[in-house]
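One-based numbering along the sequence shown.
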Amino acid sequence: QVQLVESGGGLVQAGGSLRLSCANSGRTFPNAAMGWCRQAPGKEREFVAAITLSDGSAYYTDSVKGRFTISRDNAKNTVYLQMNSLKAEDTAVYYCVYNRRGIATTPRSQDYWGQGTQVTVSS
């Protein structure tokens with residue numbers, strides 16, 4: 001089974017950077033994608049970014065384009081989310097997600113979820 005563990009969250013001031021990591025310690029699928037969704041207090045869960053594990057193609061939600069970069073290290077079954085120029089509105093619990101059949105751009109379409117890691121951006 002797919003098992004996802006996130007790390008790298010924390011407290012950072014506006015304009016700063018954080019890097020999140022997510023490792024899949026379980027089953028792998030040849031056409032899979034991994035990525036991130038997030039949920040801020042009082043708001044609906046939203047898709048953030050995802051990457052196709054086979055070729056590294058990526059997709060981002062508009063609000064993070066140009067600021068966040070997703071990457072993967074297939075030897076470690078790990079994906080990373082480099083978050084730069086952080087804003088207060090980026091404050092959320094960030095969840096690693098996994099899809100067996102490629103990139104999915106809505107939270108409800110994700111196959112597997114990690115436990116989440118808190119990112120807090122102070123202004």
Side-chain angles (χ1 to χ4, degrees):
Q1 296 177 348
V2 172
Q3 298 182 52
L4 307 174
V5 179
E6 305 100 326
S7 62
L11 175 65
V12 64
Q13 64 182 355
S17 298
L18 285 173
R19 189 179 74 157
L20 306 183
S21 300
C22 176
N24 174 23
S25 62
R27 184 176 179 179
T28 60
F29 294 83
N31 300 315
M34 292 178 65
W36 301 87
C37 294
R38 67 186 180 186
Q39 188 164 26
K43 299 188 67 176
E44 294 183 352
R45 192 166 295 186
E46 65 173 343
F47 170 81
V48 178
I51 186 167
T52 301
L53 299 180
S54 61
D55 65 7
S57 60
Y59 188 92
Y60 302 87
T61 194
D62 286 345
S63 63
V64 308
K65 287 179 180 177
R67 300 189 298 121
F68 292 10
T69 303
I70 191 168
S71 60
R72 93 291 196 199
D73 183 345
N74 286 345
K76 299 180 179 180
N77 295 321
T78 298
V79 296
Y80 306 93
L81 187 67
Q82 179 66 46
M83 304 186 295
N84 298 326
S85 301
L86 283 162
K87 305 174 181 179
E89 48 263 46
D90 295 317
T91 294
V93 176
Y94 284 70
Y95 297 91
C96 183
V97 295
Y98 188 103
N99 279 277
R100 294 169 294 168
R101 296 187 290 182
I103 291 175
T105 58
T106 63
R108 65 187 300 170
S109 298
Q110 310 302 326
D111 290 334
Y112 300 95
W113 292 76
Q115 292 297 110
T117 186
Q118 177 71 49
V119 172
T120 302
V121 183
S122 62
S123 59

Discussion item. Quick test of your reading of the model: are Lys87 and Asp90 salt-bridged, counting only N-O distances below 4.0 Å?
Written reply: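 Looking at Asp90 together with Lys87, the answer is no, because their closest N to O distance does not fall below 4.0 Å.
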About how many Å separate [atom2] of [Y] and [atom1] of [X], when rounded to the nearest 0.5 Å?
X	Y	atom1	atom2	answer
Ser7	Gln115	OG	CD	13.5 Å
Leu81	Ile70	CG	CD1	6.0 Å
Gln13	Leu86	CD	CG	10.5 Å

Worksheet item: Who are the disulfide bond (SG atoms under 2.5 Å apart) partners of Cys37, not counting sequence neighbours?
Response: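 Checked Cys37 against disulfide bond (SG atoms under 2.5 Å apart); zero matches.
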For the residue pair [X] and [Y], what are the closest heavy atoms and their distance?
X	Y	answer
Gln118	Ala92	NE2-O, 3.4 Å
Ala14	Ser123	CB-CA, 4.3 Å
Val12	Leu18	CG1-CD1, 3.9 Å
Pro30	Ser54	O-CB, 4.4 Å

Under a 4.5 Å cut-off applied to non-hydrogen side-chain atoms, are [X] and [Y] in contact?
X	Y	result
Thr61	Thr105	no
Leu4	Met34	yes
Arg38	Glu46	yes
Glu6	Leu20	no
Arg101	Phe29	no

Worksheet item: Mind checking who shares a hydrophobic cluster with Val5, ILVMFWY linked at side-chain heavy-atom distances under 4.5 Å?
Response: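 None; Val5 is a cluster of one.
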Worksheet item: Tracing side-chain links under 4.5 Å among I, L, V, M, F, W and Y, which residues wind up in one group with Phe47?
Response: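 Result for Phe47 is Tyr59, Ile103.
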Worksheet entry | Linked, directly or transitively: Val97 and Ile51 (ILVMFWY side chains, under 4.5 Å) |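 Hydrophobic grouping puts Val97 apart from Ile51.
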Worksheet item: When clusters are formed by joining ILVMFWY residues with side-chain heavy atoms under 4.5 Å apart, either directly or through shared neighbours, do Val119 and Tyr95 land in the same one?
Response: no
Practice prompt. Please find out if less than 6.0 Å separates the ring center of Tyr94 from that of Trp36.
Written response: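 Not close enough - the centres of the two rings lie 6.0 Å or further apart.
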Worksheet item: Is the count of non-hydrogen atoms from other residues, nucleotides or ligands lying under 6.0 Å from Lys43 atom NZ greater than 12?
Response: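 For Lys43, atom NZ is not crowded (no more than 12 foreign heavy atoms under 6.0 Å).
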Worksheet entry | Exceeds 12 heavy-atom contacts within 6.0 angstrom, atom CD of Gln82 | yes
Item to complete: Return yes if some donor-acceptor pair links the side-chain N/O of Thr52 with the main-chain N/O of Ala33 below 3.5 Å, else return no.
Response: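 Checking the backbone N and O of Ala33 against the side chain of Thr52, no donor-acceptor pair under 3.5 Å is found.
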Discussion item. Would the distance check show the side chain of Asn99 and the main-chain N or O of Ala32 forming a donor-acceptor pair, the cut-off being under 3.5 Å?
Written reply: no
Item to complete: Could you list the residues that satisfy salt bridge (charged side-chain N to carboxylate O under 4.0 Å, His left out) with Glu89, not counting sequence neighbours?
Response: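 Glu89 satisfies salt bridge (charged side-chain N to carboxylate O under 4.0 Å, His left out) with no other residue.
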Item to complete: Could you list the residues that satisfy salt bridge (charged side-chain N to carboxylate O under 4.0 Å, His left out) with Arg27, not counting sequence neighbours?
Response: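 Checked Arg27 against salt bridge (charged side-chain N to carboxylate O under 4.0 Å, His left out); zero matches.
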Worksheet item: Do any pairs count as a side-chain hydrogen bond (donor to acceptor under 3.5 Å, both in side chains) and have a residue in residues 68-80, sequence neighbours left out, and if so which ones?
Response: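 Listed once each, the pairs would be none.
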